[in-house]
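The structure appears right after this line, and notes come after that.
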Number of protein chains: 2
Amino acid sequence: MSNKKVSIYDIADYLGIASSTVSRALNDHARISEKTKEEVRRVAKVLGFEKNHLATGLITNQSLTIGVVVPAVNRNFFASAITGIEKIASENGYTVLICQSHDLYDREVELFDTLIANRVDGIIVSLAINTEQFDHFRKARDTGIPLVFFDRVCDEIEDTFKIVVKDFEGAYLGTSHLAEQGFKRIAHIAGYQSQKIFRDRLAGYKQALLDANLPYDEKLVKYCQLTTEDGTGIAEELLQHPPGPDAFFCANNLTAISAMAYALNHHIKVPQEMGIVGFSEETVSSLLKPSVTSVRQPCEEMGTLAAQKLLEEINQEPAGQLDFKEIALSTELIVRESSTPH
Amino acid sequence: MSNKKVSIYDIADYLGIASSTVSRALNDHARISEKTKEEVRRVAKVLGFEKNHLATGLITNQSLTIGVVVPAVNRNFFASAITGIEKIASENGYTVLICQSHDLYDREVELFDTLIANRVDGIIVSLAINTEQFDHFRKARDTGIPLVFFDRVCDEIEDTFKIVVKDFEGAYLGTSHLAEQGFKRIAHIAGYQSQKIFRDRLAGYKQALLDANLPYDEKLVKYCQLTTEDGTGIAEELLQHPPGPDAFFCANNLTAISAMAYALNHHIKVPQEMGIVGFSEETVSSLLKPSVTSVRQPCEEMGTLAAQKLLEEINQEPAGQLDFKEIALSTELIVRESSTPH
DNA sequence: TAATTTATTGCAATCGATTGCATTATATTG
DNA sequence: CAATATAATGCAATCGATTGCAATAAATTA
């Protein structure tokens, strides 16, 4: 290990000045002469100085790091949201610690402990699918760490920002569209109802059926974790015994894609014999054959907004009351081939 | 801000003992009585103590954090690799800082500075596509931070572990397969040749043509950044003017999918009139219609291996010589519909 | 009981950067 | 030139956990 570590003391010794002067010079403090600043910067470069954030964080009580906890990064939605978060963070000199809960409650709790121990300045989180206890959130807040929820939010915790989309509206749009296209027996691949977003999507689906004068058949609604396997399995289950559905409105896009794949593999024509609409876009939604109609969420915007709100809370000056609230962004239906037989 | 911060001093005061005793108790030090340990742990819990990693890191000179720099997390390959890295890291008490270079050299350099400033104990990196200068890697190593490259590695830096797949072999497999299936004019959507992996894939492609007695036509090889747009664009370019190719061997899977989408949209039948093989799997490869033949890489294994090697280097006891080398894992051809007309 | 081990615990310095206050150098004014 | 204002720099404490060494308490032995 050529573990060289150059500190401000080395620079100070080199120049025969005080470390405090070096510190101020590096931080461009107003009370240090321009001449000294230049010399310090020069020597810092020569010696290969790298500021130690740990030391800074220890004394300033902030790490300039924000934690992000999402179920998984390999989903387009979360990856895009993270991109948005990173953008805002790096613009403001913050580093982002990205963690995956893999949709496991226990892992989520662990991650929170780690983040707190690492003294992140704030946490942005989208709940694991089976998170139904919230003490880890409370603990973070008690420790003084601001929290922002996005997508899968936690209603039991108040006084935090929550960034969501209008899930009801999105589901309503998607389902209505299928109804308009003439589909009569629209199934819904739903997420577990412990999550508000999935309750809302189910509600939007129901309302759309109602408004289209279609009967609501609870046998056509299946609850699952929304994996690709779930999509295939549910499609198989529903299509085996007639009368099956003639369309699927799916609570995410993975299940839309996999349900469609199942149909196509069993010689069911999409969209002629089977309509498909998914919630949230994947990169490939437009590339599939047929391309998949989807409710588009402003993923990246949700990320930037979440980060902005978090930084707002972190840096709030008089520790005054922020206007915490749920911010619901609009969705947009991207109509493609999978739902338009005509 | 109810910014409570409980330190070991608070525990010490509460119990009327020394902070050093508290520290040792919490670390389960052998020279502290079991009775004291229990009391300390109890009080720590009561007071809501959270160890401050910054302080620990400052004095032990290690942060128990490793940095990961990848082009983007929304690609299946990188997401899976990260999952592997996280697994090993968390098993060993390490936290992972995930960063996206977005395939930009400048961003990659910036990220390295941030990681160094945050005193990560090591860095795992897959190069941005246009990284052709390597001073940031050298700087990290000079600072004593171990480095492991994976996938897109840097040959100019020696004495580091490099985890790759047998790119030549994979490309050879994929291309030979197309030849065996009777395709004669096999195009190659290639990555920029500044990256070794793309040079190797091109080489494997060429060798396969040679061994199949097919002519090598440089007009059928197109270099790009391998985005979906690139795939579509190149497919369009090559297919407009006959004689176009009758198959595509693509250096990644996104371009395979988008090239296939272009073909299907222009009423070219896949695989009857056009064969497609991609490198590296995406989640949807098997779900597409037709499903996409791909060279499978052991993504997660690459991640675990990279993390293991990194930790090995971080924790090497006598700072002895490690047997640095490039480790090349095998690939596997997953044959699906897009390449098998018969 | 005194002497010697051994088991526990405490003291105090340390990591590196920050910052309020004191001090010195320089500039301005009467 | 003395007196005051202003600019520039230094001193020293601080953040919280760790750790070598010293000190004390408890246990063992002579």
Side-chain angles (χ1 to χ4, degrees), chain A residues 1 3-41 43-44 47-65 93 116-121 143-144, chain B residues 1 3-41 43-44 47-65 93 116-121 143-144:
Chain A
M1 292 278 181
N3 221 319
K4 306 171 202 167
K5 17 183 179 175
V6 180
S7 73
I8 55 170
Y9 295 98
D10 298 316
I11 301 178
D13 288 351
Y14 190 100
L15 287 169
I17 60 179
S19 64
S20 49
T21 304
V22 174
S23 171
R24 292 195 174 99
L26 291 171
N27 289 321
D28 208 16
H29 194 288
R31 293 212 313 226
I32 300 293
S33 69
E34 198 52 46
K35 189 178 152 203
T36 310
K37 284 183 189 170
E38 273 170 25
E39 281 194 326
V40 168
R41 280 191 283 252
V43 173
L47 264 46
F49 170 78
E50 290 283 343
K51 187 173 184 171
N52 188 327
H53 276 18
L54 300 183
T56 308
L58 183 57
I59 196 150
T60 61
N61 203 27
Q62 53 174 4
S63 57
L64 290 182
T65 300
I116 293 173
N118 278 292
R119 293 295 188 273
V120 295
D121 296 334
T143 318
Chain B
M1 293 271 184
N3 220 321
K4 303 172 204 167
K5 20 183 177 175
V6 180
S7 73
I8 55 170
Y9 295 98
D10 299 317
I11 301 177
D13 287 351
Y14 190 99
L15 287 169
I17 60 178
S19 63
S20 49
T21 304
V22 175
S23 171
R24 292 193 173 99
L26 290 171
N27 289 321
D28 207 17
H29 193 288
R31 292 209 319 225
I32 299 293
S33 70
E34 199 51 48
K35 189 178 155 205
T36 310
K37 284 183 189 171
E38 272 170 26
E39 280 194 328
V40 168
R41 281 192 281 254
V43 173
L47 264 45
F49 169 78
E50 290 284 342
K51 186 173 185 170
N52 187 328
H53 276 17
L54 301 184
T56 307
L58 183 58
I59 197 150
T60 62
N61 203 29
Q62 55 173 2
S63 57
L64 290 182
T65 300
I116 292 174
N118 278 291
R119 292 295 188 273
V120 294
D121 295 334
T143 318

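Order of the sequence lines fixes the chain letters, A, B, ..., with proteins taken first and strands second; residue numbering starts at 1 for each chain.
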Base C:dG16 to side chain B:R119, donor-acceptor N/O within 3.5 Å cut-off: no

Among D:dA17, C:dT18, C:dC21, the one nearest A:R31 by side-chain distance: C:dC21

Side chains of A:L15 and A:T21 in contact at under 4.5 Å (non-hydrogen atoms): no

Presence of B:S33 side-chain N/O under 4.0 Å of C:dT9 phosphate oxygens OP1/OP2: yes

Closest to the B:L58 side chain, choosing from C:dC15, D:dC15, C:dG10: C:dC15

Close side-chain approach of A:T56 to A:K51, heavy-atom, < 4.5 Å: yes

Nearest-nucleotide 5' precedence on DNA chain D, A:T60 against B:T60: A:T60

Touch class at under 4.0 angstrom, heavy-atom based, for A:L26 against every strand present: nothing

Contact nearer the 5' end of DNA chain C, comparing B:T36 with A:S23: B:T36

Whole-Å distance separating the CG atom of B:N61 from the P atom of C:dT14: 16 Å

Atom-pair distance (CD1 on A:I8; C1' on C:dA17), nearest Å: 5 Å

Sugar-phosphate only, base, or nothing, as touched by A:L54 at under 4.0 Å among non-hydrogen atoms: nothing

Side chain to side chain contact (heavy atoms under 4.5 Å, CB included) assessment of A:I32 paired with A:V40: CA-CA 11 Å; A:I32 300 293; A:V40 168; over 6 Å; no

Heavy-atom protein contacts under 4.0 Å, nucleotides 23-28 of chain C, coded B base, S sugar-phosphate only, - none: ------

Main-chain N/O of A:A12 paired to A:S19 side chain as donor or acceptor, under 3.5 Å: no

Presence of B:N52 side-chain N/O under 4.0 Å of D:dC15 phosphate oxygens OP1/OP2: no

A:Y9, nearest nucleotide to its side chain (from D:dC11, C:dA17, C:dT14): C:dA17

Side chain to side chain, B:L54 and B:L58, heavy atoms closer than 4.5 Å: no

Below 4.0 Å: OP1/OP2 of C:dA12 and any side-chain N or O of B:S20: no

Given DNA chain D, 5'-ward residue of the pair A:I32 and B:N27, judged by closest heavy atom: A:I32

Phosphate contact (C:dT18 OP1 or OP2) by A:K51 side-chain N/O below 4.0 Å: yes

Check: A:R24 and A:I8 side chains under 4.5 Å, non-hydrogen atoms: no

